[in-house]
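Notes follow once the structure below has been shown.
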Amino acid sequence: MSDAYDVVVIGAGPGGYVAAIRAAQLGMKTACVEARETLGGTCLNIGCIPSKAMLHASQMFAEAGGEMAHLGIKMSPKLDLKQMMAHKSETVEANVKGIEFLFKKNKVDWIRGWAKLAGGGKVEIAGGKDKGKTVEAKHVIIAAGSESTPIPNVEVDEKQIVTSTGALELGKVPKHLVVIGGGVIGLEMGSVWQRLGAKVTVVEYLDRILPTMDGEVSKQFLRILKKQGMEFKLKSKVTGAEKTKSGVKLSVEPAAGGDAEEIQADVVLVAVGRRPFTQGLGLEEAGVETDKRGFIQVDAGYRTNVEGVYAVGDCAPGPMLAHKAEDEGALCAEMIAGQKPHLNYDAIPNIVYTEPEVASIGKTEEDLKEAGIEYVAGKFPFSANGRARAMLATEGFVKILADKKTDRVLGAHIIGREAGGMIHEIALAIEFGASAEDVARTCHGHPTLNEAVREAALAVDGRPIHI
């Protein structure tokens with residue numbers, strides 16, 4: 001006999017656990033299948049949460065050995081990497097136990113194992129503690145997440161050649177860390193180990209870092225990271241990696257072709273992106289459609305081509321962001337319950353948690369030019385913001401893009417201290433269809449970094465006050 005549920009969710013990452021909790025809140029009998037010993041998926045266990053713990057701790061270490069002296073706080077910090085890693089582990093443990101508590105509170109059944117679609121609304125548990133069990137569901141939500149994308153001739157062992165998972169577990173600071181990929185993960189993890197004393201070299205195939213973000217932000221950020229000591233080899237590709245007792249020998253060539261050079265590294269981080277993790281789910285046997293890259297194809301209601309089967313988060317199309325997955329998980333559950341929620345994909349922020357932070361939302365200048373949309377850009381530097389001066393945080397700027405005819409905010413791009421928090425002011429503006437004038441007319445507390453957002457909105461109309 002199989003257990004029967006209204007909703008069975010496959011995967012307990014941000015998309016999956018939120019979908020399960022929301023479905024249970026809406027009165028549906030719900031189970032979530034997860035093989036990992038703890039809930040929370042990649043994000044809480046080996047991704048977003050532990051990386052932010054390391055980013056914060058390493059930034060405190062860097063400030064203690066640098067700019068704090070300018071503030072009259074003089075010290076000579078000593079790195080205790082073991083304790084820093086313990087803080088990271090404590091942070092992870094608190095978060096994953098929190099999800100387990102929420103499952104119990106909302107009466108979500110946790111089925112421990114690997115799920116496989118068996119057709120007819122059945123889900124088999126093909127491995128793990130509950131192996132051999134079969135459950136029935138009126139609705140199955142796939143939230144299987146993603147995994148690091150491999151590259152040819154570079155074999156990951158999570159010791160010398162690592163993904164973000166191994167980069168969060170290094171036992172000592174490498175003398176030379178080579179990061180393959182100039183995207184969010186590579187730059188965040190590169191920043192962590194550089195602050196702790198490593199030489200960091202980033203090898204990027206394209207001619208810029210953060211290729212999906214606004215071009216001006218990308219250029220400014222590159223200058224800032226170079227100033228911090230990070231080295232870059234743009235328009236370059238890694239064609240091979242040889243492990244030795246002393247480290248890794250990388251073969252690096254120009255992206256357009258040419259003579260190879262050899263780079264010696266202690267540790268190599270592979271961070272060229274992520275891909276859907278859907279192996280073993282039985283998608284092909286169940287007839288669930290995927291694209292060439294493995295993303296499960298869904299409609300606006302997150303429905304696949306198979307009746308009663310849905311997909312959300314990293315394994316479905318769209319940006320691979322934890323908060324996007326969370327929103328999709330909640331919305332999918334609400335749609336199953338007959339509600340009519342919505343998600344504005346132009347109002348999903350993208351944040352790089354380095355120092356300074358980089359945050360983006362909505363359209364970039366490149367997007368608008370390609371679409372032929374006339375726009376006005378308003379820009380304000382943090383060097384003209386009083387609070388930023390007091391905080392020694394004058395690098396970067398706020399840029400707001402507004403429709404030339406209607407003044408409606410189309411996008412915003414921030415590089416600077418606490419950019420990840422400030423971007424949500426513009427998220428709300430975009431969600432409510434606000435104009436740049438609406439933002440400019442909103443009284444902002446003084447002195448705050450957010451005043452730079454207001455000034456950028458004023459600059460759209462050519463009337464900033466403090467520059």
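The first residue in the sequence is number 1, and the count goes up from there.
Ion pairing between a basic and an acidic side chain is recognised when a charged N comes within 4.0 Å of a carboxylate O; Asp157 and Lys243 show such pairing. The residues Glu355 and Arg417 are annotated as salt-bridged, a charged nitrogen and a carboxylate oxygen being separated by less than 4.0 angstrom. Of the charged side-chain nitrogens involved, at least one lies within less than 4.0 Å of a carboxylate oxygen, so that Lys227 and Glu395 count as a salt-bridged pair. With salt bridges taken as basic N to acidic carboxylate O contacts below 4.0 Å, none links Arg112 and Glu34. Checked for salt-bridge contact, Lys340 and Glu334 miss the test: no charged N lies under 4.0 Å from a carboxylate O. One finds a salt bridge joining Asp6 and Lys138 here, because a Lys/Arg side-chain nitrogen approaches an Asp/Glu carboxylate oxygen to under 4.0 Å.
Sequence neighbours left out, the pairs with a member in residues 272-281 that pass salt bridge (charged side-chain N to carboxylate O under 4.0 Å, His left out) are Glu147-Arg275.
Between the CG atom of Asp130 and the CG atom of Asp3 there is a distance of 9.5 Å, given to the nearest 0.5 Å. Remark: His87 NE2 to Asp80 CG distance equals 13.0 Å, nearest 0.5 Å.
The environment of NZ in Lys52 is crowded: more than 12 heavy-atom neighbours from other residues, nucleotides or ligands sit within 6.0 Å. Heavy-atom neighbours of Lys29 NZ from other residues, nucleotides or ligands within 6.0 Å: above the threshold of 12.
Judged by a 6.0 Å distance limit and a 45° cone about the ring axis, Lys237 is not positioned over the six-membered ring of Tyr205.
For the side-chain contact (heavy atoms from CB on, under 4.5 Å) criterion with Val179, the lone passing option out of Thr201, Val200, Val203, Val270 is Val200.
In this model, a donor atom of one side chain and an acceptor atom of the other lie less than 3.5 Å apart for Asn45 and Thr38. A donor-acceptor pair shorter than 3.5 Å can be found between the side chains of Glu158 and Thr163.
In this structure, His413 contributes its side chain and Leu401 its backbone to no donor-acceptor pair below 3.5 Å. A distance-only check finds no donor-acceptor pair linking the side chain of Ser51 to the backbone of Ile49 [under 3.5 Å].
Partners of Glu169 under the salt bridge (Lys or Arg N to Asp or Glu O under 4.0 Å) rule, at least two apart in sequence or in another chain, are Lys88. By the ring pair (Phe, Tyr, Trp, His ring centres under 6.0 Å) test, Phe221 is found to be paired with no residue, residues two or more places apart in sequence or in another chain being considered.
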